[in-house]
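Working notes, beginning with the structure itself.
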Amino acid sequence: MDIRYTSTRGGESGVTASRAVLNGLAADGGLYVPQEMPKMEVSFEELAKMDYRRIAFEVMSRFLTDYTEEELKYCIDSAYDEKFDIPEIAALKKEDDAYFLELFHGRTIAFKDMALSILPYLMTTAAKKNNVDEKIVILTATSGDTGKAAMAGFADVPGTEIIVFYPKDGVSPVQERQMVTQKGENTHVVAIRGNFDDAQTGVKNIFGDKNTAALLQKKGYRFSSANSINIGRLVPQIAYYVYAYAQLIANGGINAGDPINIVVPTGNFGNILAAYYAKQMGFPFARLICASNENKVLTDFFRTGTYDRNRDFFVTSSPSMDILVSSNLERLIYKIAGNDAAKTKDLMAALSGNGQYTITDDMAEELEDFYGNYADEAAVSYEIASMYDNTGYVLDPHTAVAGAVYEMYREETGDDTVTVIASTASPYKFARSVLHAIDAEKYDELTDMEQFDALEKVSGVKTPEAIEEIKEAPVRHNITADIQDMEKTILQILKIEK
Ligand SMILES: *Cc1c(COP(=O)(O)O)cnc(C)c1O
């Protein structure tokens with residue numbers, strides 16, 4: 001089956017997967033979605049025997065149908081190799097009453113590595129297939145983890161430049177240090193005076209600016225995106241939900257065909273959307289539990305049908321979820337509107353106009369798959385401490401948001417379906433908040449470096465390579481810019497004059 005992509009806002013359709021990967025965002029500002037949802041057509045029993053790479057191939061080959069088998073296998077084998085610190089690539093661990101799907105065994109110890117280690121290969125392969133010979137400039141807004149993972153993936157990849165924008169006061173110390181020490185002549189990092197939403201909107205505006213696109217083209221460049229708006233990020237993420245389901249069968253946690261629930265700590269709605277797509281492919285995922293932190297715009301949306309970004313923005317201990325405009329929700333909106341691009345376009349116009357929209361009752365009925373709730377900072381801290389006390393397992397604050405929301409869900413519904421919690425970051429990435437939750441008096445006064453050693457003792461998990469790397473690495477990036485100067489900064493970096 002040949003799967004083509006269409007923009008959620010109706011301006012483009014019949015786009016091949018490789019073109020969609022290259023473009024990132026559709027020219028009308030919409031997001032690419034598959035025109036038809038492929039089915040898995042491989043039995044659960046067979047999947048249970050496959051390793052991660054094989055499952056990734058089974059999933060991706062059904063979405064990225066204009067890539068040859070050889071091309072896809074090359075991308076998969078190049079991405080999912082020794083860069084990951086376990087041969088399984090992702091790990092499923094039962095702790096307390098849920099399974100934690102550890103997605104943080106890649107180079108930057110957050111789940112973004114699962115997709116961003118393969119995106120550069122998908123993109124350069126797409127460029128070759130489509131005879132694109134301009135240099136690809138990846139623009140990326142980051143709430144902390146995407147930027148590093150994208151740079152690690154694209155560093156020194158021929159034919160690419162990557163520019164990352166992060167909110168100056170909105171990322172953890174480890175996240176910032178990981179970014180400003182990034183190696184690679186083609187990597188560029190800009191701290192902006194604003195929050196993640198400002199950065200993301202800025203990037204989207206630059207993408208949508210036809211004059212800038214023309215100017216770049218004249219100089220031999222074209223923009224693309226490594227954010228989860230790129231279908232090349234979303235599709236690889238579907239693979240690990242399939243892998244988790246297959247592993248549960250393989251290890252006897254469930255029988256083939258049994259339903260499971262999935263809990264996802266959510267920001268931009270990319271990760272949970274991948275679980276939703278897996279469900280559409282035919283996997284028996286019962287509830288998709290959308291866990292938010294104090295920036296609970298999605299919780300309110302699932303409860304009321306109104307998405308409203310007009311509210312206070314909180315900086316929390318789970319910075320990668322400090323987001324008020326969840327870009328990928330647009331793909332869900334399109335789906336529940338019955339693939340109605342005009343309706344989607346209207347709602348998105350309302351969002352950028354007065355900051356809110358309300359879905360119709362018909363659309364709300366399509367949301368029964370989802371449950372939304374949020375954990376405040378006290379609940380997150382309590383979750384980290386109580387999980388540690390009960391099991392010795394140490395959660396990072398993002399995963400703890402999910403754990404806390406799962407507890408709320410169980411209490412509210414009594415549902416004891418087997419549940420997988422997407423574990424999105426290593427606790428090392430947020431050592432200070434984690435140790436503070438476990439025992440503030442004992443650990444708060446330690447220096448950053450001492451904290452890593454303490455965490456090693458507390459968790460029994462060896463300090464990951466990603467942390468060892470940043471201990472000594474020199475700072476290579478120090479640009480700071482205002483939001484309104486983002487475009488100017490890009491042109492300066494690329495040495496383009498207007
Ligand atoms: C990006 C990120 C999230 C949020 O994922 P979305 O796909 O944006 O919803 C959650 N946790 C961590 C650690 C992240 O890096």
Inset, instruction - State plainly whether the residues Glu36 and Arg4 are in salt-bridge range, i.e. N to O under 4.0 Å. - result: no
Inset, instruction - Begin from the C-alpha positions of Lys345 and Asp28 and carry the test salt bridge (charged side-chain N to carboxylate O under 4.0 Å, His left out) through to its verdict. - result: CA-CA 10 Å; Lys345 193 174 169 182; Asp28 62 355; over 6 Å; no
Inset, instruction - Start with the C-alpha gap between Asp312 and Phe314, add the side-chain angles, then the distance that decides, and say whether side-chain contact (heavy atoms from CB on, under 4.5 Å) holds. - result: CA-CA 6 Å; Asp312 290 336; Phe314 300 105; 4.2 Å; yes
Inset, instruction - Measure across Lys429 and Thr108 and return the closest heavy-atom pair with its distance rounded to 0.1 Å. - result: NZ-O, 2.8 Å
Legend entry - Name of the residue among Arg177, Glu176, Gln182 meeting side-chain contact (heavy atoms from CB on, under 4.5 Å) with Lys148: Gln182
Legend entry - Verdict with reasoning, Asp96 to Thr391, per side chain to side chain donor-acceptor pair (under 3.5 Å): CA-CA 7 Å; Asp96 234 358; Thr391 69; over 6 Å; no
Legend entry - Any donor-acceptor N or O pair under 3.5 Å, side chains Gln35, Ser13: no
Inset, instruction - Could you go through the salt bridge (charged side-chain N to carboxylate O under 4.0 Å, His left out) check for Lys335 and Glu366 one step at a time? - result: CA-CA 9 Å; Lys335 176 80 178 37; Glu366 299 290 315; 5.4 Å; no
Legend entry - Other residues, nucleotides, ligands: >12 heavy atoms within 6.0 Å of Tyr374 OH: no
Legend entry - Side-chain heavy-atom pair Val235, Tyr277 within 4.5 angstrom cut-off: no
Inset, instruction - Step through the shown structure and confirm whether more than 12 heavy atoms of other residues, nucleotides or ligands are within 6.0 Å of NZ on Lys204. - result: yes
Legend entry - Pairwise distance CG(Leu234) to CG(Leu119) - rounded to 0.5 angstrom: 11.5 Å
Legend entry - Gln200-Asn268 side chain donor-acceptor pair, cut-off 3.5 Å: yes
Inset, instruction - Would you tell me whether Thr201 and Asp198 have side-chain atoms, one donor and one acceptor, within less than 3.5 Å of each other? - result: no
Legend entry - Heavy-atom neighbours of Lys39 NZ exceed 12 at 6.0 Å: yes
Legend entry - Thr140 and Thr142: CA distance, side-chain angles, deciding distance, side chain to side chain donor-acceptor pair (under 3.5 Å) verdict: CA-CA 6 Å; Thr140 293; Thr142 184; over 6 Å; no
Inset, instruction - Please determine, by modelled atom types, if Asp145 and Ser320 share a side-chain donor-acceptor pair under 3.5 angstrom. - result: yes
Inset, instruction - Examine the side chains of Asn261 and Asp415 and answer whether a donor and an acceptor come within less than 3.5 Å of each other. - result: yes
Legend entry - Ring centers of Phe283, Tyr241 separated by less than 6.0 Å: no
Legend entry - Closest non-hydrogen atom pair between Phe207 and Ser225, with its separation: CZ-CB, 3.5 Å
Inset, instruction - Could you check Thr299, Asp322, Thr266 and say which one makes a side-chain hydrogen bond (donor to acceptor under 3.5 Å, both in side chains) with Asn293? - result: Asp322
Inset, instruction - May I ask you to check whether His398 and Phe111 place their ring centers less than 6.0 Å from one another? - result: no
Inset, instruction - In sequence, state the C-alpha distance, the side-chain angles, and the governing distance for Glu368 and Arg287, and then conclude on salt bridge (charged side-chain N to carboxylate O under 4.0 Å, His left out). - result: CA-CA 8 Å; Glu368 277 178 1; Arg287 294 316 274 295; over 6 Å; no
Inset, instruction - Nearest 0.5 Å please: distance from the CE atom of Met123 over to the CZ atom of Phe154. - result: 4.5 Å
Legend entry - Gap between atom OG1 of Thr344 and atom CD1 of Ile359 - 0.5 Å precision: 11.5 Å
Inset, instruction - Working to the nearest 0.5 Å, report the span between OG1 of Thr316 and CD of Glu377. - result: 5.0 Å
Legend entry - side-chain contact (heavy atoms from CB on, under 4.5 Å) evaluation trace for Asn230 with Ser224: CA-CA 9 Å; Asn230 194 317; Ser224 191; 3.9 Å; yes
Legend entry - Ile262 side chain reached by Ile289 side chain, heavy atoms, under 4.5 Å: no
Legend entry - Stepwise side-chain contact (heavy atoms from CB on, under 4.5 Å) check, Val174 with Tyr428: CA-CA 9 Å; Val174 173; Tyr428 277 93; over 6 Å; no
Inset, instruction - Indicate the atoms forming the closest heavy-atom contact of Ala226 with Ile138, along with that distance. - result: CB-CG2, 3.5 Å
Legend entry - No-hydrogen, no-angle side-chain donor-acceptor test under 3.5 Å, Tyr371 and Glu412: yes
Inset, instruction - For residues Tyr276 and Phe370, establish whether the separation of their ring centroids is below 6.0 Å. - result: yes
Legend entry - Atom pair OG/CZ of Ser292 and Phe302 - distance to nearest 0.5 Å: 8.5 Å
Legend entry - Inter-residue atom distance Gln356.CD - Asn310.CG, 0.5 Å rounding: 6.0 Å
Inset, instruction - For Pro464 and Ser426, work out which heavy atoms get closest and say how close. - result: CG-OG, 4.2 Å
Inset, instruction - Indicate whether the side chain of Tyr32 and that of Asn23 have a donor and an acceptor atom separated by less than 3.5 Å. - result: yes
Inset, instruction - Please indicate whether His436 has more than 12 foreign heavy atoms, meaning atoms of other residues, nucleotides or ligands, lying under 6.0 Å from its NE2. - result: no
Inset, instruction - I would like to know whether Ser433 and Ser317 meet side chain to side chain donor-acceptor pair (under 3.5 Å); could you show each step before the answer? - result: CA-CA 7 Å; Ser433 337; Ser317 59; 5.2 Å; no
Legend entry - Flag for Asp362-Thr360: side-chain donor and acceptor within less than 3.5 Å: no
Legend entry - Steps toward side chain to side chain donor-acceptor pair (under 3.5 Å) verdict (Asp308, Thr306): CA-CA 6 Å; Asp308 186 359; Thr306 295; over 6 Å; no
Legend entry - Distance-only polar pair, side chains of Asn373 and Arg303, donor-acceptor under 3.5 Å: yes
Inset, instruction - Salt-bridge test for Asp97 and Arg410: reply yes if a basic N is under 4.0 Å from a carboxylate O, no otherwise. - result: yes
Legend entry - Plane angle bin for Tyr409 and Tyr406 - parallel if under 30°, tilted between 30 and 60°, otherwise perpendicular: parallel
Inset, instruction - Taking only Lys NZ, Arg NE, NH1 and NH2, and the carboxylate oxygens of Asp or Glu, determine whether Asp444 and Arg432 approach each other closer than 4.0 Å. - result: no
Inset, instruction - Could you go through the side-chain contact (heavy atoms from CB on, under 4.5 Å) check for Tyr240 and Leu103 one step at a time? - result: CA-CA 8 Å; Tyr240 50 73; Leu103 300 170; 3.5 Å; yes
Inset, instruction - Flag the pair Ser423 / Tyr393 as yes when at least one side-chain heavy-atom distance between them is below 4.5 Å, and no otherwise. - result: yes
Inset, instruction - Report the C-alpha distance between Asp169 and Arg193 in whole Å, list the side-chain angles of each, state the deciding distance to 0.1 Å, and finish with yes or no for salt bridge (charged side-chain N to carboxylate O under 4.0 Å, His left out). - result: CA-CA 8 Å; Asp169 300 313; Arg193 299 185 189 92; over 6 Å; no
Inset, instruction - Count the heavy atoms of every other residue, nucleotide or ligand shown that sit under 6.0 Å from CZ of Phe313, and state whether that count exceeds 12. - result: yes
Inset, instruction - Evaluate whether atom CG of Asp361 has more than 12 neighbouring non-hydrogen atoms of other residues, nucleotides or ligands under 6.0 angstrom away. - result: no
Inset, instruction - State whether Asp113 and Lys83 are salt-bridged, where the test is any N-O pair (Lys NZ or Arg NE/NH1/NH2 against Asp/Glu carboxylate O) under 4.0 Å. - result: no
